[in-house]
There are 2 protein chains.
Amino acid sequence: MEIRIGDLAKRSGCEVVTVRYYEKEGLMPKPARSGGNFRLYGDAHIERLQFIRHCRSLDMTLSEIRTLLGLRDNPTQDCGGINVLLETHIQQVEMRVAALLQLRQHLVNLREKCSGSRPMEACGILNGLSDSNCHVARSKQSNL
Amino acid sequence: MEIRIGDLAKRSGCEVVTVRYYEKEGLMPKPARSGGNFRLYGDAHIERLQFIRHCRSLDMTLSEIRTLLGLRDNPTQDCGGINVLLETHIQQVEMRVAALLQLRQHLVNLREKCSGSRPMEACGILNGLSDSNCHVARSKQSNL
DNA sequence: ATAGCTCTCTATAGTAGCTATAGAGTCAAG
DNA sequence: CTTGACTCTATAGCTACTATAGAGAGCTAT
Ligand SMILES: [Zn+2]
Ligand SMILES: [Zn+2]
Ligand SMILES: [Zn+2]
Ligand SMILES: [Zn+2]
């Protein structure tokens with residue numbers, strides 16, 4: 001049951017270079033090598049890489065994933081640390097959503113300042129971007 | 001009315017190195033120099049840098065800002081291009097919000113799989129992350 | 001004038017998570 | 001025995017900065 005790096009990558013939905021990168025970063029263990037110096041992987045590698053890619057699809061950093069893998073690899077403790085990490089990650093995502101929504105509102109306000117087809121110096125958007133008090137003014141007069 | 005790079009940075013709320021970086025990237029023009037080879041800036045530079053920082057606070061890329069500055073610098077055209085750029089940017093932000101909200105839902109589902117204080121191999125979160133069908137299964141059974 | 005201090009100069013490397021490239025070697029099939 | 005697909009290592013590039021080193025400029029205090 002030994003597969004090479006191309007198959008491993010295909011099964012995990014990532015690029016060959018990415019697998020080597022994870023190895024260099026210590027997320028994937030150094031695999032056995034064939035006579036021709038090709039990397040050889042088994043079931044445990046496949047599972048581990050899929051775990052990593054799953055975490056990445058949830059936007060976890062490699063550092064967070066490293067922590068998760070470390071916890072997973074030593075089963076003597078209970079899983080409290082895992083829950084803490086996940087909760088922290090959810091909060092980070094929620095903060096990013098909030099920031100992006102505020103940003104969107106700001107951009108929409110800006111868009112409404114110009115309907116287009118004006119000479120450049122009369123563009124409401126450009127003038128809004130040149131106004132260094134824009135953010136301040138906006139939070140005074142608007143309730144979002 | 002000539003100020004040095006430190007004052008310029010302070011007035012625009014960014015770091016000195018960032019100003020030099022913008023110069024290297026062609027967003028800020030090369031300024032005059034003093035006898036001691038210090039950069040000397042005037043009002044136009046201040047306004048331009050504040051414009052750039054305002055755009056950055058709206059999460060525009062330097063490439064987008066370069067385009068905006070280019071349009072702004074040649075006033076012979078009308079401002080249609082500005083509106084297009086802003087509209088595109090808003091759509092990108094909205095797509096990122098949508099992606100993050102879906103991500104959040106996924107993370108919340110995962111969080112509910114474990115209440116903590118279990119031995120590592122029984123952690124519902126870890127097992128969820130190991131399940132490569134998680135995403136597929138989730139979209140089948142849930143309506144978000 | 002000389003010491004100390006802050007500011008500025010250039011050049012270089014590092015951050016995250018890959019992606020892209022070059023140049024060489026491995027291996028199975030025709 | 002050559003073609004082609006795959007793999008190897010090493011290196012550079014991407015975004016928008018941030019950090020560092022080592023040197024010079026310019027002002028104040030002694
Ligand atoms: Zn306009
Ligand atoms: Zn604004
Ligand atoms: Zn758990
Ligand atoms: Zn999932």
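In this text, all values refer to a predicted model and were calculated from it rather than measured experimentally. In what follows, every chain begins at residue 1, and chains take the letters A, B, ... in the order their sequences are listed.
Distance, B:E23 CD to D:dC17 P: 16 Å, rounded to whole Å. Atom-to-atom, CD of B:E25 to P of D:dA16 comes out at 9 Å; the value is rounded to the nearest Å. When rounded to the nearest whole Å, the span between CZ of B:F38 and C1' of D:dA25 equals 4 Å. Atom CD1 in B:I65 sits about 8 Å away from atom P in D:dC17, given to the nearest Å. Between the C1' atom of D:dC6 and the CG atom of A:L40 lies a distance of 13 Å, rounded to the nearest Å. Note: CD1 (B:I5) to C1' (C:dT8) measures 8 Å, nearest angstrom. What separates CG of B:L49 from P of D:dC17 is a distance of 11 Å, to the nearest Å.
The closest side-chain donor-acceptor pair between B:E87 and B:N83, if any, does not fall under 3.5 angstrom. Checking A:Y22 against A:R53 by side-chain atom types alone, a donor-acceptor pair falls below 3.5 Å.
Within a 6.0 Å radius of CD in B:E94, other residues, nucleotides and ligands contribute more than 12 heavy atoms.
A donor-acceptor pair under 3.5 Å is formed between the side chain of A:R66 and the backbone N or O of A:E25.
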- Tell me, for nucleotides 10-24 of chain C in 5' to 3' order, what letter each nucleotide earns: B for a base near a protein heavy atom under 4.0 Å, S for only sugar-phosphate near one, - for neither? B------BBB-----
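Taking both residues in full, the closest heavy atoms of A:L27 and A:R48 are given as O-NE, 2.8 Å, listed atom of the first, atom of the second, then distance.
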- Query: Run the salt bridge (Lys or Arg N to Asp or Glu O under 4.0 Å) check on A:E23 and A:R39 step by step: do they pass?
  - Reply: CA-CA 11 Å; A:E23 179 183 329; A:R39 289 169 177 83; 2.8 Å; yes
